[in-house]
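Keep in mind that what you see is a predicted model, and the values were worked out from it rather than measured.
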Amino acid sequence: MKDRYDVIVVGAGPAGSIAATTAARNGLSVLLVEKRQEIGAPIRCAEGVSKKRLQQHIEPDEKWICSELKGAHIISPNGITIAMSEENAGSEVGYVLDRKIFDRALTEQSAEAGADVLVKARVTGLVTENETVCGVYLMYHGEIHTIRSSIVIGADGVESKVGRWAGIDTSLKPSQVETCAQFLVSGSGINQDFCYFYIGNEVAPAGYIWLFPKGGDLANVGIGILGNRSGSKRPINLLTDFVAKNIPEGRIIERVAGAVPASGPIERTIANGLMLAGDAARQSDPFTGGGISNAMDAGMMAGEVAAKAIEVGDVSEDMLREYELLWRETIGKDIANSLIVKETFFNLPDEDLNSLAESVSDVNFDKMDFIVLASALFKSNKKLLWNLRPLFAQKLKQKFSAKSIFRK
């Protein structure tokens, strides 16, 4: 550990590791700091990720791939199953990872690129001068160290302390957080080629239950519900009831709990000398709660912008605004669209969810066209289509914009 780096990255999850790797590959000196003593543990994730988006950041390795999915099954309250192909099932469907090994692989990639990695090292505050972040105070081996840098990238998770210390409001209301619990279940009995999502206010009010296969009849069985909708039963109680009813032969061998931002984009992710990425920037999908792909994409953007800013000797908020614009124009649009879906579907009674499932039960999602899907939904529930009009307008705009570009 040196006393000065070009970039200090706080948090060695997917966002932090990719940011560190990208910055180091651009010739910067980088320190990657993780407060836990072990990278990737404890696991607080369903561990699903899109194959295509993962491959943009790291070469797949069978050591950390537990299963390869063909698609997803969505089960409505009345038991209707909607089958979706991998391509149409979202950025959480593709590979099911072993996050303990995967996160370490990402960190090893950072180290190989030239970054210094510290574990069991806790950042206790930011060094600031002239209203600019220029380093961190670090608790390591029982001593406080002052480590200076040109840029700090905060990838320290939900309600980021790094962001708060820089004057960014990272607090979340209960309605903006999915409270989650997950069991690793042996003897799950599920088809290992598919993941499963159970929706409905009885099983998961304002949320859903997921089953992700992990090979050898193992599965991650989890639940996420909005913090203001848990009622008298906590997520772990609802999940226990679900497993007892639906997987009676299953044996729970691990239990974890956590929280995921479900608020949509944060107001800002930059300050003088600072950028936020991943859950720290609320870049997870507010509807599904998935965040691995977005975190890696944002980490790469942050690393690239850091390299540009340091090269020209300008780490001001104005210079770092390129990062803000980049992620909002890409993953930010998907996050905003997902927020519309979340705020619509999480308020539907089970009767409407059943009606929607019936209306799209004959849709071929392998060859799904957006207009066909919209038409099916419209036949079922005109009010729903009206509530989703901002999403449809955005999708249509993107669709015809893409056609125009193609013609050119």
Side-chain angles (χ1 to χ4, degrees), residues 2 4-34 39 49 53-59 102-118 123 126 133-136 147-157 160 162-163 166 168 266 268-284 291-332:
K2 299 180 292 187
R4 196 190 190 291
Y5 292 84
D6 292 322
V7 177
I8 297 173
V9 182
V10 183
S17 289
I18 294 297
T21 298
T22 305
R25 285 175 176 172
N26 276 279
L28 303 182
S29 60
V30 180
L31 175 64
L32 176 59
V33 178
E34 172 55 51
I39 302 291
V49 65
R53 293 184 67 185
L54 179 141
Q55 289 166 5
Q56 294 172 354
H57 301 284
I58 190 170
E59 188 69 27
F102 173 71
D103 282 20
R104 289 174 202 162
L106 290 182
T107 305
E108 288 170 10
Q109 184 175 253
S110 301
E112 290 168 2
D116 289 344
V117 179
L118 282 184
V123 172
L126 298 177
V133 176
C134 53
V136 302
I147 315 295
R148 301 182 71 85
S149 65
S150 297
I151 289 176
V152 171
I153 297 175
D156 55 328
S160 165
V162 170
I168 300 172
I266 197 170
R268 64 185 174 102
T269 57
I270 56 172
N272 294 327
L274 178 122
M275 292 179 278
L276 299 180
D279 280 354
R282 301 182 196 166
Q283 288 164 335
S284 56
I292 298 174
S293 298
N294 285 353
M296 291 191 294
D297 288 354
M300 183 176 68
M301 295 175 200
E304 289 174 345
V305 170
K308 291 182 182 180
I310 291 172
E311 182 179 8
V312 300
D314 181 1
V315 298
S316 67
E317 185 172 327
D318 284 344
M319 182 66 190
L320 301 183
R321 200 171 305 283
E322 180 182 354
Y323 167 68
E324 188 95 50
L325 295 173
L326 275 172
W327 81 260
R328 290 190 189 277
E329 285 299 308
T330 51
I331 61 176

N/O donor-acceptor pair under 3.5 Å between [X] side chain and [Y] backbone:
{"X": "Asp156", "Y": "Val162", "result": "yes"}
{"X": "Asp116", "Y": "Leu31", "result": "no"}
{"X": "Tyr323", "Y": "Ala306", "result": "no"}

Any heavy-atom pair between the side chains of [Y] and [X] that's under 4.5 Å?
{"X": "Ser293", "Y": "Leu54", "result": "no"}
{"X": "Glu322", "Y": "Leu326", "result": "yes"}
{"X": "Ile310", "Y": "Val7", "result": "yes"}

For this session: Walk me through it: do Leu320 and Ile151 pass the test side chain to side chain contact (heavy atoms under 4.5 Å, CB included)?
Result: CA-CA 10 Å; Leu320 301 183; Ile151 289 176; 4.0 Å; yes
Can you name the closest pair of heavy atoms from [X] and [Y] and give their distance?
{"X": "Ser17", "Y": "Ser110", "answer": "O-OG, 2.8 Å"}
{"X": "Ala12", "Y": "Glu34", "answer": "N-OE1, 2.9 Å"}
{"X": "Gly135", "Y": "Ile8", "answer": "CA-CD1, 4.4 Å"}
{"X": "Leu32", "Y": "Gly16", "answer": "CD1-O, 3.9 Å"}
{"X": "Met275", "Y": "Ala302", "answer": "CE-O, 3.3 Å"}
{"X": "Leu28", "Y": "Ala307", "answer": "CD1-CA, 3.7 Å"}

Could you state the interatomic distance from [atom1] ([X]) to [atom2] ([Y]), rounded to the nearest 0.5 Å?
{"X": "Ile270", "Y": "Ile153", "atom1": "CD1", "atom2": "CD1", "answer": "12.5 Å"}
{"X": "Arg268", "Y": "Leu276", "atom1": "CZ", "atom2": "CG", "answer": "9.0 Å"}
{"X": "Met301", "Y": "Leu325", "atom1": "CE", "atom2": "CG", "answer": "11.5 Å"}
{"X": "Asp297", "Y": "Ile331", "atom1": "CG", "atom2": "CD1", "answer": "6.0 Å"}
{"X": "Lys2", "Y": "Ser149", "atom1": "NZ", "atom2": "OG", "answer": "12.0 Å"}

Exercise. Passes side chain to side chain contact (heavy atoms under 4.5 Å, CB included), Thr21 versus Leu106? Steps please.
Worked result: CA-CA 8 Å; Thr21 298; Leu106 290 182; over 6 Å; no
Using a distance-only test with no angle check, is there a side-chain donor-acceptor pair under 3.5 angstrom linking [X] and [Y]?
{"X": "Ser316", "Y": "Asp318", "answer": "no"}
{"X": "Ser150", "Y": "Asp6", "answer": "no"}
{"X": "Glu304", "Y": "Thr22", "answer": "no"}

For this session: Apply side chain to side chain contact (heavy atoms under 4.5 Å, CB included) to Ile168 and Ile266, showing your working.
Result: CA-CA 9 Å; Ile168 300 172; Ile266 197 170; 4.1 Å; yes
For this session: Given salt bridge (charged side-chain N to carboxylate O under 4.0 Å, His left out), test Arg321 with Glu317 step by step and report yes or no.
Result: CA-CA 6 Å; Arg321 200 171 305 283; Glu317 185 172 327; 3.7 Å; yes
Exercise. Can you list the steps and then say if Gln109 with Arg25 is a side chain to side chain contact (heavy atoms under 4.5 Å, CB included)?
Worked result: CA-CA 10 Å; Gln109 184 175 253; Arg25 285 175 176 172; 3.6 Å; yes
Exercise. Hey, which of Gln283, Arg53, Arg282 is the one that makes side-chain hydrogen bond (donor to acceptor under 3.5 Å, both in side chains) with Asn294?
Worked result: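 Checked Gln283, Arg53, Arg282 against Asn294; only one passes side-chain hydrogen bond (donor to acceptor under 3.5 Å, both in side chains): Arg53.
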For this session: For atom CD of Glu311, decide whether the heavy atoms of other residues, nucleotides or ligands shown that lie under 6.0 angstrom number more than 12.
Result: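 No, the 6.0 Å shell around CD holds no more than 12 heavy atoms from other groups.
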